[in-house]
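Read the numbers this way: they start at 1 and go in the same order the structure lists the ligands and their atoms.
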Amino acid sequence: MKANTLTLIVTGYRAEAIDVASFELQAPDGKPLPEFAPGAHLEITLPEYDGAPSNLIRHYSLCNDSSEANRYVIAVGRALNSRGGSLAMHERVRVGSILRVRSPRNNFPLIEDAGHYRFIAGGIGITPILSMIHWCRAHGKSWSLLYCARSRARAAFYETVAGFGDSVRFHFDDEAGGVPADLTREFADEGASEHVYCCGPDGLMRAVQEASAGRAAESVHFEWFSARQLSSAQPESQETAFDIELQSTGKRFRVEPGTSILETLEQHGVSVPFACREGLCRTCETPLCGGEADHRDYVLSEEERRAQSMVMICVSRALSGTLILGV
Ligand code: FES
């Protein structure tokens, strides 16, 4: 099957927990799909739904075993503050629905040679972790999981995860009287070449960031679902204008405070790909050929930030007067 844009059919639909449904996708002719690695996600163009903008694109982590060649499985939580994305999936998509999907991409890759994998998942954040656990089990790796949810009934894939045995520790808010999970216990001992992978709501991610502060940054990995406040080198209230130059044509445009590079390009009729517009998906990744970016995305590694060779133009700004973009 040709990479990039795929047309897939929904072959399975299952309620996995309160407000969480899983969807199995296959090629209409049943042929193998492009491969994916644990932590990868699909970019799906959603069906129209009441009042939501058309061609809305959302990203959903693949949660099945990456060795399965003929299917993708995603799970979608029904978000109360949904801008139409999760509602469209829950209300409009059923077995037989056709979806336009981009080949899997991975912003949350699993290091393959860790001595131990410590997974921490909150709510629907279990989805990328699940594909990672499948991989660890298939490759005989040492791993453990702390899975936090508001209640047992809201924990997606509860039975599957419970079946993994002693490597799993659950924390349900209602059963713990609202007391948050004890993260100090998670970080009390550090195994040899241990790597931490965390995905979940903002509060849990921040708590894990704090609890893991003593660890090497490159050994703690996060997958953010929504934009969080960054301690940026240039807070929004103090944003200043800067210039961008397009390497292909030499055209220069001014990016005003409060306007993104992406919006500036759109205003001048320059078409560039985008999806989340929040620095989460990497769709707008653009080569940086000159200047120094103020990276405000959630996907570049520290090494990539230092390299200053690419920039997410939906959120990032400039530390230098001009950025030269490879467009
Ligand atoms: S559009 Fe998603 S990172 Fe820029």
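Backbone or side-chain N, O or S atoms of C281 do not reach atom 4 (Fe) of ligand 1 at under 2.8 Å.
When side chains are defined from C-beta on, I74 does not count as touching S61, because their heavy atoms never get closer than 4.5 Å. Two residues are said to be in side-chain contact when any heavy atoms from C-beta on lie closer than 4.5 Å; L25 and T11 fail this criterion.
For ligand 1 and G279, the ligand atoms under 4.0 Å from any heavy atom of the residue are 3 (S). Atom numbering of ligand 1 starts at 1 in the shown order; those under 4.0 Å from a heavy atom of L280 are 3 (S). Of all the atoms in ligand 1, the ones that sit under 4.0 Å from a non-hydrogen atom of A275 are 1 (S). The distance from ligand 1 to the heavy atoms of R277 drops below 4.0 Å at these ligand atoms: 1 (S), 2 (Fe).
Among all protein heavy atoms, the one lying closest to atom 3 (S) of ligand 1 is R282 N, 3.3 Å.
Here C314 contributes SG and C284 contributes SG, and at atom 4 (Fe) of ligand 1 these two atoms make an angle of 100°, given to 10°.
In this structure, Y158 has its ring center closer than 6.0 angstrom to the ring center of F170. Here F253 and H268 bring their ring centres to under 6.0 angstrom of each other.
Here E266 pairs with R277 in a salt bridge; the nearest charged N to carboxylate O distance falls below 4.0 Å.
Cation-pi check for R152 over F172 is not met; the charged atom does not lie both under 6.0 angstrom from the ring centroid and within 45 degrees of its normal.
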